[in-house]
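No experiment lies behind these values; they were computed from the predicted model shown. In the text below, chain A, chain B and the rest are named by the order of the sequence lines, each starting its count at 1.
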Amino acid sequence: MSAENYRPGQIEPKWREYWASNRLHEAKDNDPRAKYYCLDMFPYPSGSGLHVGHWRSYVLPDCWSRYKRLQGFNVLHPMGWDAFGSPAENDAIQKGIHPAVGTKRNIENFKRQLQEIGAMYDWSREINTTDPDYYKWTQWIFVMMFNAGLAYKTFMPVNWCPSCKTGIANEDVVNGRCERCGTEVTKKELNQWMLRITKYADRLLSGLEKLDWPEKVKTMQTNWIGRSEGAEVTFTSIAADGTEHPLKIFTTRPDTLFGATYMVMAPEHPLVKELTSPDRAAAVDAYIEQVKNERDVDRAAKTEKTGVFTGAFAINPVNNEKIPIWIADYVLMAYGTGAIMAVPAHDERDYEFAKTFGLEIREVISSPKGVAEEPFIGEGTMINSGPFTAMPSAEGRTAIVRRLEEKGLGRGTVNYKLRDWVFSRQRYWGEPIPIIHCSINCGLVPVPEEDLPVRLPDVERYQPTGTGESPLASIHDWVNTRCPNCGGPAKRETDTMPQWAGSSWYFLRYASPHADDVLITEKGKEWLPVDLYVGGVEHAILHLLYARFYTMFLHDIRVVDFDEPFLRLFNQGMITYVGKSGKSEKMSKSKGNVVNPDDLVREFGCDSLRMYELFVGPPELDAEWNDHGIDGVYRFLKRAWHWVWVHNGKWPTSPTKEILQLRHRLIKDVTERLEGLRMNTIVSSFMEFLNHVTSRNEAPDKETVEAFLIVIAPFAPHFAEELWQQTGHQPSIFFEKWPCWNEAYTAAETVTIAVQINGKLRATILVPADAPEETVVETARKDPSVARYLEGKQIRKTIYVKNRILNFIVG
RNA sequence: GCGAAAGUGGCGGAACUGGCAGACGCGCUAGACUUAGGAUCUAGUGGCUCACGCCGUGGGGGUUCGAGUCCCCCCUUUCGCACCA
């Protein structure tokens, strides 16, 4: 083999073998270096394998991890498998392949592909959420939550996916459809396990402040939690027959209580039946039926207000006024109390509704324009508000709440959009919920720690029953057991956990993956929290919210000593592809537009693909795949290889000023741009460096070659290792230190100054760097193309920006 | 409807706190070397113009000696949220 030709196919497997057999990527506990934990969102090992879009998400964090290692950090960069979930289960149903078998096969393929990335994953810490040694702890956390009162079982209308045949969480419903399969979600009354995530609502909100996360993600989480301060106020409803019921409402604007001219209940409100008068019953029933039918379907597009009068009235506690009670679908049962006081003068929705049905609009906050044309939402001076008149609205708000509290008719309160987490799934391929139902008198009993894990038994049929019971319910000798408490007959819980369960804490397990007596060891805790977490923005709410919740809980029970798991978050953009449609679309197997990385690795090598994945565009944005783009990077690596080889061993003892400058600029550019994760521009820097250094036709010194190889190593690790060895160094290059630059050397001796006349570029001149203004002006005036414009004109003003620009203003 | 991000050559994209717009790469054109070229090398490549030059960062205004960058208005695309009281 002629070493002068770049043959990635020959060198790459060799170095991967070297790294593996020398355990170079294993993160060691008890290391004097500072730790750095760089985490990729672990994949679901699907049957279709990796495409170049997935690759992109793994290359950036690996590049970063290798950089951190070269900077002297003890880096933990692990990988594992989020392997519970419906695709494997669906394969089981359709093809009769046991999910464990299919999952194992997929993992093997995924692992092979991931290894071709050449990443420094520590495979000795590989985890798999379906491994009983792993899910023992997933179950253990559930038991701890149960003991802490955070896990409870309740009957409630849950989101039901008719295709997955399982209940799902609010977070799993996207635009009224199942997040996993896209089927429209319906409601079903089911006895479900719930997690009291709402108890952590405030902490989940305030914790965001200190995180170095994209603002977009923080905003999404903030909106999801949806905290509103306001008041709960009790009105008294009076049905047509005279019976009275308290009717609670939530409002963020108690200062507008005097402007309430009617009330609205959600159609599902439990009091609807009792409050509907006989003469209104037909209309009310019809309306409820109508709303039921159009639920979730067209509601998004619906703008006009609909509703119906119940025939009942309510007494406003602040002024004892009698106002009508309506039913309308713009009030949601799931938010607040499911009923509102309507203040049309100061709320857009109430305003529209009042206009539609001719209800009174009473101004109670002085509006500059009046409320005849539009509602006034802002703050102002209170009017028509009894004793509170003339108060500023913000002040009146607290005053009214205080008055209500004194009278026991209301209280200041906080409302959240966040709901408790529906944690039950009526599916097979998940962690069994480790609870036993004692038939005698112990009720719900958690499986004792020594009996964990509760292993997932084999079943004959994976098909969900659709009745709200999981397939596990059919295995009688598994279901029937003894109560751990009293020893009496008992039944196991047959629901399983959602896929999120295993992924809500996996980052902890990497720290001590083999510990069998604790979730995480004391040594292991030193790795945490995660310093950089990289993954797609599609997990901005679900996964990240759940993982933060789990971490906060584990903090509270002293399993870990921090309460935010991910200090810095980076969202990678997707790879899109212009397919047959002519439009840019997401790469997916179903669209038939996937580009397989295996073929590209075979043809151009892993290093070329790594660099192209980074070069393709700004990492935080989606990028369009270009089939020829990789050619340029491949050419660059070939040229760079050649350049190192041609001069190998013939290095001059000291570099020329120009080479020195190019070297220091390269180090500076790469380092600074790495810190900002601007990988796409770093690849450009390498190319520019090579273009300059080869066009100079002079041999580089040894130190320049070394610096070049070290800074390129995070990007093209095999390439760098091979040349490092070929140039007479001991492997591995990753034992080296990241080079420094000297600012003084990065500066050029001469600079090009742009000369403008009245702001228009007329010439460029070459002057010594940092030349005094007079010299530059003098040189510029002598330049013929400048002189031409100055002739016969008077220079009124001269603007000089050092080493950059000179602008003559002439009259 | 609300919120966020984006809009720069044929294409992907550069441009640090306002200072030579188009770096780097793809593609394309011409040439060299070749039996050959989807290899390699050299030169060129924003538009208009023979040229001096003029015009150019979604559109329109503005600030400034100077604007892709700052301010105001509008358009388009993408992504969130969507009656949250």
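- Side-chain contact between A:Q756 and A:F808 is absent, with no heavy atoms from C-beta onward closer than 4.5 Å.
- Atom CZ of A:R804 and atom P of B:A15 are 13 Å apart (whole Å).
- Spacing of P atoms, B:U17 relative to B:U69, comes out at 14 Å, to the nearest Å.
- Side-chain proximity of A:Y330 to B:C83, B:G12, B:G53: nearest is B:C83.
- B:G18 and B:A67 are spaced 6 Å apart, taking the C1' atom of each and rounding to whole Å.
- Applying the 3.5 Å distance criterion, the base of B:C79 shares no donor-acceptor pair with the side chain of A:K216.
- When the C1' atom of B:A39 is taken as reference, atom NE2 of A:H628 falls 15 Å away, rounded to whole Å.
- Checking A:M687, A:R673, A:M611 one by one against A:I682, the side-chain contact (heavy atoms from CB on, under 4.5 Å) holds for a single residue, A:R673.
- Taking a 4.0 Å limit (strictly below) on heavy-atom distances, residues 221-235 of chain A reaches RNA chain B at A:S228.
- B:G7 and B:G59: their P atoms are spaced 13 Å apart (whole Å).
- Nearest nucleotide to the side chain of A:N626, out of B:C26, B:C65, B:C81: B:C26.
- With its glycosidic angle within 90° of 0, B:G9 is assigned syn.
- One P atom belongs to B:U40, the other to B:C48, and the distance between them is 30 Å to the nearest Å.
- Distance from the side chain of A:E624 is smallest for B:G12 among the nucleotides B:G53, B:G12, B:A85.
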Legend entry - Secondary-structure notation, RNA chain B, from Watson-Crick and G-U pairs under 3.5 angstrom (| other strand): (((((((..(((......[....)))((((((.......))))))(((....)))..(((((..]....))))))))))))....

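- A:T798 is not listed as a side-chain neighbour of A:N807, based on a closest heavy-atom distance of 4.5 Å or more.
- For A:F250 and A:P618, each mapped to the nucleotide of RNA chain B holding its nearest heavy atom, the one lying further toward the 5' end belongs to A:P618.
- Ring pair A:F357/A:F353 is tilted by interplanar angle, where 30° to 60° counts as tilted.
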Inset, instruction - Show your working on salt bridge (charged side-chain N to carboxylate O under 4.0 Å, His left out) between A:K668 and A:E743 and close with a plain yes or no. - result: CA-CA 8 Å; A:K668 179 185 168 159; A:E743 197 67 43; 2.7 Å; yes

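- No engagement by A:T219 is indicated, since no non-hydrogen atom pair under 4.0 Å with the nucleic acid exists.
- Heavy atoms of A:T764 sit under 4.0 angstrom from at least one base atom.
- B:G12 sits 15 Å from B:A6 when the C1' atoms are compared, rounded to a whole Å.
- Residue contacts shown for A:D350 are absent, as no nucleic acid heavy atom lies under 4.0 Å away.
- When every heavy atom of A:G259 is checked against every heavy atom of A:P344, the shortest pair comes out as O-CD, 4.0 Å.
- Within 4.0 Å of A:Y789, counting heavy atoms only, lie sugar-phosphate atoms of the nucleic acid but no base atom.
- When each of B:G53, B:C83, B:G25 is scored by its nearest atom to the side-chain atoms of A:D329, the top-ranked nucleotide is B:C83.
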Inset, instruction - Before giving the answer on ring pair (Phe, Tyr, Trp, His ring centres under 6.0 Å), spell out for A:W55 and A:Y612 the whole-Å C-alpha distance, their side-chain angles and the decisive distance to 0.1 Å. - result: CA-CA 11 Å; A:W55 247 72; A:Y612 180 60; over 10 Å; no

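- Between the NZ atom of A:K760 and the C1' atom of B:G56 there is a distance of 11 Å, given to the nearest Å.
- Within the 4.0 angstrom heavy-atom criterion, only backbone atoms of the sugar-phosphate kind lie near A:N691; the bases stay farther away.
- A gap of 38 Å separates the P atoms of B:U34 and B:C11, to the nearest Å.
- The nucleotide whose nearest atom lies closest to any side-chain atom of A:L761 is, among B:C81, B:G13, B:C20, B:C20.
- A pairwise comparison of heavy atoms in A:V343 and A:D350 identifies N-OD2, 2.9 Å as the closest pair.
- Nucleotides B:A51 and B:G58 place their C1' atoms 32 Å apart, quoted to the nearest Å.
- Between B:C83, B:C65, B:A85, one nucleotide has an atom nearer to the side chain of A:I340 than all others, and that is B:A85.
- The side-chain heavy atoms of A:Y6 and A:Y634, taken from C-beta on, include a pair separated by under 4.5 Å.
- The nucleotide whose nearest atom lies closest to any side-chain atom of A:K417 is, among B:C81, B:C20, B:C83, B:C81.
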